[in-house]
Amino acid sequence: LLAYALFKVNLTKSNQINKKTPVYLLMNNFNKAIVFVNGNCVGRYWNINPFMTLYLPEEYLLNGLNEITVFEIQGFKRPYIYFVNENVLK
C-alpha cells in the first residue's frame with residue numbers, strides 16, 4: 001500500500017530508565033519515514049538501508065509525557081515502533 005500517513009502517539013517516560021543505556025526506535029514496520037520526538041527531528045528511515053533503527057538521544061525524552069510523530073511517505077506494514085537498547089541491522 002503506497003500512501004502518506006501521519007502517526008502521533010503520547011507516552012510517559014519512567015524515571016527508572018537507565019540513562020547509560022542507549023535507546024533506539026526499531027522502524028522495521030515502515031518503508032520511508034521521518035520521526036520527531038517532542039518536536040525534535042530524530043531522523044529519517046528508509047527500508048533499503050541496512051539500519052533498522054534510529055538513535056533516540058536521551059535529551060529528547062522528557063520526564064513525564066512525550067510525543068512521537070512519524071510521517072510515512074511510502075506505506076507501512078503495521079504502525080508499530082519498538083524501543084530497543086541496541087542498533088539493529090538487517
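Since the structure is predicted, the reported quantities are computational estimates derived from the model, not experimental observations.
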Verify the neighbour count for atom CZ of F83: are there more than 12 heavy atoms of other residues, nucleotides or ligands below 6.0 Å? yes
Please determine whether the number of non-hydrogen atoms from other residues, nucleotides or ligands lying under 6.0 Å from atom CD of E86 exceeds 12. no
Approximate separation, where rounding is to 0.5 Å, of [X] [atom1] and [Y] [atom2]:
X	Y	atom1	atom2	answer
L11	L62	CG	CG	10.0 Å
L25	Y82	CG	OH	13.0 Å
L56	I68	CG	CD1	7.0 Å

So, do N87 and F51 sit near enough that their side-chain heavy atoms are less than 4.5 Å apart? yes
Backbone N or O of E67 within a donor-acceptor pair of the N38 side chain at under 3.5 Å?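 Yes; at least one donor-acceptor contact below 3.5 Å.
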Using a 3.5 Å distance criterion without hydrogens, assess whether the side chain of E72 forms a donor-acceptor pair with backbone atoms of N31. yes
Please write out which residues are connected to W46 in a hydrophobic cluster, directly or through intermediates, given that two of Ile, Leu, Val, Met, Phe, Trp, Tyr count as joined at side-chain heavy-atom separations below 4.5 angstrom.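 Via sub-4.5 Å side-chain contacts, W46 links to I48.
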Could you work out the complete set of other residues in the hydrophobic cluster of L65, with links drawn between I, L, V, M, F, W and Y side chains under 4.5 Å apart? none
Evaluate the ring planes of F30 and F7, with Trp represented by its six-membered ring, and classify them as parallel (under 30°), tilted (30 to 60°) or perpendicular (over 60°).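 F30 vs F7 ring planes: perpendicular.
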Atom of A33, atom of V70 and distance for their closest heavy-atom approach: CB-CG1, 3.9 Å
Closest heavy-atom pair and its distance - I34, C41: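 Residues I34 and C41, closest heavy atoms: CD1-SG, 4.0 Å.
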Not counting sequence neighbours, which residues clear ring pair (Phe, Tyr, Trp, His ring centres under 6.0 Å) with Y24? List them please.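 For Y24, the residues satisfying ring pair (Phe, Tyr, Trp, His ring centres under 6.0 Å) (neighbours in sequence not counted) are Y55.
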Quick one: which of V88, T53, I81 gives a side chain to side chain contact (heavy atoms under 4.5 Å, CB included) with M27?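 Considering V88, T53, I81, a side chain to side chain contact (heavy atoms under 4.5 Å, CB included) with M27 is found only for I81.
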Common cluster, L89/L26, ILVMFWY with side-chain heavy-atom separation under 4.5 Å: no
